[in-house]
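What follows is a single structure, written as structure tokens, with notes after it.
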Amino acid sequence: MAACLEGDYQRAIQLKPSTTANIDITAFAQRFVAYHEGCYQLQQQKWQEAIIPLKQAKPEIQASNDWQQEIDRLCGLQRQTISESQEHLEFAQFCYDLLGSRDARSYLAEYKAEQIREQIANEQLSLATALRELQKLKEIDNQNPVVIDLIQRIEFKQELELIENLLKNNQFEEAVQRAKKSQHQRIRNIVSDICVEILIKGFQNRDLGFEDIYQLGYWAYELCPDDPNVQEVYRFSQELKDIQNLMKCDRFDEAVHRARYSQHNSIRNYVAEFFINTLVKGIENCDLSFDLIQQLGRWAYELCPDEPAFQEIYHSLKIC
């Protein structure tokens with residue numbers, strides 16, 4: 001003990017008794033020396049050689065805040081010298097078992113989380129199993145940023161995979177509802193972008209009807225109501241829905257007027273094309289009167305008088 005107090009830790013190590021003492025004062029003396037031996041080995045950056053003496057001194061370490069703080073400090077310095085992940089894990093486990101301090105808990109949780117990340121990358125661990133293991137790590141350190149970040153990433157990936165499967169199976173409404181309930185704004189952004197992309201392509205290729213266009217625009221807006229691009233798409237789809245609702249109520253003149261004065265040329269073209277397709281099918285199926293066919297043509301002409309694709313129909317109906 002005298003050698004320890006004088007700071008001569010090497011001499012204290014040489015003088016320490018080789019047998020375990022039973023008398024309390026002698027046992028304390030041995031743990032006192034063991035503590036200083038462990039500190040000395042940590043100072044020399046030889047943490048493996050500090051394991052046995054520090055385990056021996058553990059009861060006294062746990063009873064002394066000063067000793068705990070000193071070992072915590074030395075462990076922090078030792079940690080900076082380690083480069084291998086496996087050694088980090090082993091040293092972190094040792095620090096946690098010895099101290100259980102906030103730094104030790106954070107250190108162990110961080111490197112166990114990194115081990116899980118690596119196992120996921122190497123496909124050695126499923127996302128569900130990884131998530132369960134990470135939840136256990138929160139019992140060690142429930143505020144660890146590495147653990148929390150990895151949990152969020154896994155939950156995000158799981159949600160995205162689920163939504164992608166729903167979309168592949170054309171379960172759009174369920175996919176949207178899942179995205180609405182998600183804690184991840186990125187999920188909502190992704191699904192909203194998909195809705196907008198399908199709407200635009202479907203509109204350009206004329207693969208979507210009025211209802212589909214409106215529904216996709218509405219879903220996109222539900223998911224990202226503050227996105228300016230989504231707002232514009234939603235207003236566009238809402239305008240088409242209003243025009244369709246007018247036509248459903250046999251208010252075709254109002255519908256044509258609404259389309260004619262729309263700020264979107266594409267809406268005029270879409271509605272005009274709807275009239276042309278309707279009259280062509282009516283002619284083919286012989287289920288529309290000539291007066292109605294002519295009226296459909298006039299409405300189309302009112303919206304798109306110069307559309308080259310419609311000129312032959314206009315001439316045949318003597319509209320121009």
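Just so it is clear, the values below take in all heavy atoms, side chains as well, and ignore hydrogens, waters and symmetry mates. Numbers here are sequence positions counted from 1.
Each of Phe32 and Ile52 belongs to its own hydrophobic cluster when Ile, Leu, Val, Met, Phe, Trp and Tyr are linked at side-chain heavy-atom distances under 4.5 angstrom. Using a 4.5 Å cut-off between side-chain heavy atoms of Ile, Leu, Val, Met, Phe, Trp and Tyr, with links allowed through other members, Leu108 and Leu54 fall into different hydrophobic clusters. In this structure, Leu167 is a member of the same hydrophobic cluster as Leu199, with clusters built from ILVMFWY side-chain heavy atoms closer than 4.5 Å.
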Gln238 and Asp242: CA distance, side-chain angles, deciding distance, side-chain hydrogen bond (donor to acceptor under 3.5 Å, both in side chains) verdict: CA-CA 6 Å; Gln238 181 65 58; Asp242 291 343; 2.9 Å; yes
Chi angles and distances behind the salt bridge (Lys or Arg N to Asp or Glu O under 4.0 Å) call for Lys136, Glu139: CA-CA 5 Å; Lys136 291 179 183 177; Glu139 296 174 8; over 6 Å; no
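Donor-acceptor pairing under 3.5 Å is lacking for the side chains of Asn269 and Glu273. Defined by atom type and a distance below 3.5 Å, a donor-acceptor pair is present between the side-chain atoms of Gln185 and Arg188. In the model, Gln93 has a side-chain atom that pairs as donor or acceptor with a side-chain atom of Asp97 under 3.5 Å. One side chain, Ser262 or Glu239, offers a donor N or O that lies under 3.5 Å from an acceptor on the other. A donor-acceptor pair shorter than 3.5 Å can be found between the side chains of Ser182 and Glu159. A donor atom on one side chain and an acceptor atom on the other are not found under 3.5 Å apart for His264 and Tyr270. Trp47 and Glu90 share no donor-acceptor pair across their side chains, judged by distance under 3.5 Å alone.
For the side chain to side chain contact (heavy atoms under 4.5 Å, CB included) with Ile163, the qualifying choice from Ile194, Ile190, Val176, Val191 is Val191, the only one to do so.
By the 6.0 Å and 45° rule, Arg186 stacks over the aromatic ring of Phe156. Cation-pi geometry between Arg258 and Tyr261 is not met: the NZ or CZ atom fails to fall both under 6.0 Å from the ring centre and inside 45° of the normal.
Here the side chains of Gln135 and Lys138 are in contact, with some heavy-atom distance below 4.5 Å. Residues Asn229 and Glu232 are not in side-chain contact: their nearest non-hydrogen atoms beyond the backbone lie 4.5 Å or more apart. Counting heavy atoms from C-beta outward, Gln244 and Tyr214 have side chains that stay 4.5 Å or more apart. Side-chain contact between Ile293 and Leu317: present, with at least one pair of heavy atoms (C-beta onward) separated by less than 4.5 Å. Residues Leu246 and Phe252 form no side-chain contact, since every pair of their non-hydrogen atoms from C-beta on lies 4.5 Å or further apart. Taking 4.5 Å as the limit, every side-chain heavy atom of Gln158 sits out of range of all side-chain heavy atoms of Leu162. Side-chain atoms of Phe203 and Leu240, non-hydrogen and from C-beta on, do get closer than 4.5 Å to each other. Proximity of Cys75 to Phe91: side-chain heavy atoms (C-beta onward) are separated by under 4.5 Å at one or more points.
Side chain of Thr129 to backbone of Ser126: no donor-acceptor contact under 3.5 angstrom is found. Side-chain N or O atoms of Gln68 include one that pairs as donor or acceptor with a backbone N or O of Ile61 at under 3.5 Å. No donor-acceptor pair closer than 3.5 Å links the side chain of Asn205 to the backbone N or O of Asp207. The main-chain N or O of Gln171 is never found under 3.5 Å from a side-chain atom of Asn169 such that the two would form a donor-acceptor pair. Between the Tyr314 side chain and the Ala300 main chain, a donor and an acceptor come within less than 3.5 Å of each other.
Applying the 6.0 Å contact sphere to CZ of Arg102 captures no more than 12 heavy atoms from other residues, nucleotides or ligands. At most 12 non-hydrogen atoms from other residues, nucleotides or ligands lie less than 6.0 angstrom from CD of Glu173. For OH of Tyr218, the number of neighbouring non-hydrogen atoms (other residues, nucleotides, ligands) closer than 6.0 Å is 12 at most. The 12-atom threshold is exceeded at CZ of Arg298, counting heavy atoms of other residues, nucleotides or ligands nearer than 6.0 Å.
A salt bridge links Glu114 with Arg117: at least one charged nitrogen is closer than 4.0 Å to a carboxylate oxygen. A salt bridge is absent between Lys248 and Glu254: the closest approach of a Lys/Arg side-chain nitrogen to an acidic carboxylate oxygen does not fall below 4.0 angstrom. With respect to Glu164 and Lys168, no salt bridge is recorded, no charged nitrogen being found less than 4.0 Å from a carboxylate O.
Ring centroid separation for the pair Phe274 and Phe210 comes in under the 6.0 Å cut-off.
The OH atom of Tyr301 lies 12.0 Å from the CD1 atom of Ile276; values are rounded to the nearest 0.5 Å. To the nearest 0.5 Å, atoms CZ (Arg153) and CD1 (Ile151) are separated by 13.0 Å.
Relative orientation of the Phe275 and Trp299 rings is tilted, given thresholds of 30° and 60° on the angle between their planes. Between Tyr35 and Trp67, the ring planes lie parallel to each other; the angle is under 30°, not in the 30° to 60° tilted range.
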